[in-house]
Amino acid sequence: MTIIALSLFLVLTVLTALQIVFGLGFCRVLVRRQPVPATDHRWPRASVILCLRGADPFLGDTLRALLELDYPDHEIRIVVDSATDPSLSIVQTMLSEQHPEHVTVEVLEQRRDTCGLKCSSLLQAISHLDTDCEVVALLDADTVPHRSWLRELVAPLGDPTIAVTAGNRWYMPHDPSWGSLVRYLWNASAVAQMYWSKFTWGGSLAIRREVLQQSDLLDRWGRAFCEDTTIYDSVRSQGKRVAFVPTVMMINRESCSLAEFFPWMRRQLLNGRLYHPAWPALATHGAVSTLALVAAVIAFLTAIMMADWQSAAWLAGGLLVLQLSNLVLLAITESAVRRVVRSRGEPVHWIRPATALKIACAIPLTQVVYAAGLLMLGTMRHVQWRGVQYHIANPWDVKLIE
């Protein structure tokens, strides 16, 4: 029993060390200052595309923020899923109040049954772009951009080797329910993995127009379930790079239940499994971490039953160090994100003492939910996304069913 306990302690220690190294590396990137050229800099003409289906809780805030962007030369293209979609009335009300001339609203004309609805909307919007458009920016309906959002995304594209720039999401829910906290914890771990693995997040992204024209990306979108995880492989094949923009960490303040979070998490994992070359490494890490935790807990309980206190102490120490490192690393990352968000004048104080206690209790719950999601991922063929059913036979064989 002692050999098993020491072996599991060593595995947990290695996992903890790797987690700390990669987590602190990501935090260092977050706090690194990145100068953005002044507004009189020569900025390429940009088109911001917002695809809508359903009335997201903060859609009004997103639209108002879009109309206040300080980017000197841009247009906004909004594609609404249908003429009866509830988001359309919100858009029309907002535009009737301000009458912006640089905003175009269109209804999705062709719902392709070979890809996700967002891909259909993107392909339609891109086909209608003006010839002088040089950069295409994507924004999700649950992303509220700050005034310099577009400039910060476009600025790194001044490097000719960079084809795509992207930020990521961070959760600061108004209502810290168990579902919201599990999502917060899972995402806090995911953003560091996404950075090191070069995942692109489509909720806040900019891409060169020429890349769309010269690569196979548009063809991929016509056959893919989602748009963002398909980007890296296509860009890499052209010898170009994807750049993470730390100042574009976007805050989402929505709340959710565990029942709402679980299918959302499974869909995020599925997107990675289908399209990203780094998925085998991420899946291996997830499997090893899960198996190590389960084995350590079982071995600890067995040692207690056998009154093998030395083995129990080794196992308890390994589990305790791992969980404490999770809490410390989370606090450091939260502080780094707050530094970014506070510089934009956005509120950051959402964790009260009672919330902090719930977060500590939610860490093992998150690990259990994540493990369940990984286990169910291998047989996942049917997906529901915003009320739409899809059947996915393979990455490039997607069928919109209902």
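No experiment lies behind these values; they were computed from the predicted model shown.
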| message | Can you see whether E152 engages T247 through a side-chain donor-acceptor pair at a distance of less than 3.5 angstrom? | response | yes
| said: One pair to check against salt bridge (charged side-chain N to carboxylate O under 4.0 Å, His left out): D228 and K118. What are the steps and the verdict? | reply: CA-CA 10 Å; D228 49 7; K118 185 179 180 182; 6.0 Å; no
| message | Please check this pair: side chain of R53 against backbone of R386, looking for a donor-acceptor N/O pair closer than 3.5 Å. | response | yes
| message | Would you say the ring centers of Y275 and W396 fall short of 6.0 Å from each other? | response | yes
| said: A quick test of your reading: do over 12 heavy atoms of other residues, nucleotides or ligands sit less than 6.0 Å from CZ of R352? | reply: no
| query | How about M194 and F244: do any of their side-chain heavy atoms sit closer than 4.5 Å? | reply | no
| query | Between atom SG of C51 and atom CZ of R77, what is the distance when rounded to the nearest 0.5 Å? | reply | 12.0 Å
| field | Check: D142 side chain, D56 main-chain N or O, donor-acceptor pair, under 3.5 Å | value | no
| said: Looking at W186, is its backbone amide N or carbonyl O close enough to the side chain of S189 to form a donor-acceptor pair, meaning the two atoms are under 3.5 Å apart? | reply: no
| query | Which distance, rounded to the nearest 0.5 Å, do you find between the OH of Y184 and the OG1 of T355? | reply | 10.5 Å
| Is the backbone of P280 close enough, under 3.5 Å, to the side chain of T284 for a donor and an acceptor to pair up by distance? | yes
| request: Please round to the nearest 0.5 Å and tell me the distance separating atom CG of L10 and atom CH2 of W314. | output: 10.0 Å
| query | Tell me the salt bridge (charged side-chain N to carboxylate O under 4.0 Å, His left out) pairs involving residues 157-166, sequence neighbours left out? | reply | D159-R241
| query | Hey, what do you get for CD (Q238) to CZ (R208), rounding to the nearest 0.5 Å? | reply | 11.0 Å
| Going by distance alone, is a donor N or O of one side chain under 3.5 Å from an acceptor N or O of the other, for Q19 and N326? | yes
| field | Side chain S289, main chain G286, donor-acceptor under 3.5 Å | value | no
| Any side-chain heavy-atom pair of L293 and Q323 under 4.5 Å | yes
| field | Closest approach of A292 to V11 (non-hydrogen atoms, all atoms of both residues) | value | CB-CG1, 3.8 Å
| remark: With Y195 as partner, the option from F22, F26, W201 fulfilling ring-ring contact (aromatic ring centres under 6.0 Å, His included) is F26
| said: I'd like to know if the side chain of E68 pairs up with that of Q98 as donor and acceptor (distance under 3.5 Å, no hydrogens or angles considered). | reply: no
| task | To the nearest 0.5 Å, tell me how far L212 CG sits from W221 CH2. | result | 5.5 Å
| request: For residues Y370 and L374, determine if any side-chain heavy atom of one lies less than 4.5 Å from a side-chain heavy atom of the other. | output: yes
| Check: H128 side chain, A125 main-chain N or O, donor-acceptor pair, under 3.5 Å | no
| request: For side-chain contact (heavy atoms from CB on, under 4.5 Å), just list the numbers for D130 and S47, CA-CA rounded to whole Å, side-chain angles, deciding distance to a tenth of an Å, and then say yes or no. | output: CA-CA 9 Å; D130 297 333; S47 294; over 6 Å; no
| Any side-chain heavy-atom pair of W170 and V340 under 4.5 Å | no
| task | Would you check if V337 and I251 make a side-chain contact, meaning some heavy-atom pair closer than 4.5 Å? | result | yes
| said: What verdict does the side-chain contact (heavy atoms from CB on, under 4.5 Å) test give for R183 and E260, after you've listed the backbone C-alpha separation in whole Å, the side-chain angles of each residue and the deciding distance to 0.1 Å? | reply: CA-CA 10 Å; R183 182 183 59 182; E260 293 169 327; over 6 Å; no
| message | Q124 and side chain to side chain donor-acceptor pair (under 3.5 Å): which single residue from Q110, R112, E106 fits? | response | E106
| query | Under a 4.5 Å cut-off applied to non-hydrogen side-chain atoms, are T165 and V248 in contact? | reply | no
| task | Determine the interplanar angle of the H74 and Y71 rings, folded into 0 to 90°, and report it as parallel if under 30°, tilted if 30 to 60°, perpendicular if over 60°. | result | perpendicular
| request: Would you confirm whether T62, through its side chain, and A141, through its main-chain N or O, come within 3.5 Å as a donor-acceptor pair? | output: yes
| field | Derivation of the side-chain contact (heavy atoms from CB on, under 4.5 Å) call for S177 and S257 | value | CA-CA 7 Å; S177 63; S257 65; 5.9 Å; no
| request: Would you check if the side chain of K198 reaches a backbone N or O of D233 as a donor-acceptor pair within less than 3.5 Å? | output: no
| task | Calculate, to the nearest 0.5 Å, the distance between atoms OG and CG belonging to S121 and L50 respectively. | result | 10.0 Å
| task | Check for a donor-acceptor pair, side chain of S180 on one end and backbone N or O of C256 on the other, with a separation under 3.5 Å. | result | yes
| message | I'd like to check D73 versus W43 (side-chain heavy atoms, cut-off strictly below 4.5 Å). Are they in contact? | response | no
| query | Do T302 and M305 come within less than 4.5 Å of each other through their side chains, counting heavy atoms only? | reply | no
| Given the rule in the side-chain contact (heavy atoms from CB on, under 4.5 Å) test, do T229 and L274 qualify, once you have shown the distances and angles that lead to the verdict? | CA-CA 8 Å; T229 47; L274 290 174; over 6 Å; no
| query | Taking all non-hydrogen atoms of both residues, which atom of I76 and which atom of L66 are closest, and how far apart? | reply | CD1-O, 3.6 Å
| field | Heavy atoms from other residues, nucleotides or ligands near CZ of R28 exceed 12 (cutoff 6.0 Å) | value | no
| query | Closest approach of P100 and V103, non-hydrogen atoms and distance? | reply | CG-CG2, 3.6 Å
| So, D216 versus S234: side-chain donor-acceptor pair below 3.5 Å or not? | yes
| Between W264 and Y171, how do the two ring planes meet: parallel, tilted or perpendicular, split at 30° and 60°? | perpendicular
| F199 and H276 aromatic ring geometry - parallel, tilted or perpendicular at 30°/60° bounds | parallel
| request: For residues C133 and V136, report the shortest heavy-atom separation together with the two atoms involved. | output: SG-CG2, 4.2 Å
| request: List the atom of T290, the atom of A371, and the distance in Å for their closest heavy-atom pair. | output: CG2-CB, 3.4 Å
| query | So which heavy atom on A65 is nearest to which on P145, and how close? | reply | CB-O, 3.1 Å
| query | Are the side chain of S325 and the backbone N or O of T16 linked by a donor-acceptor pair below 3.5 Å? | reply | no
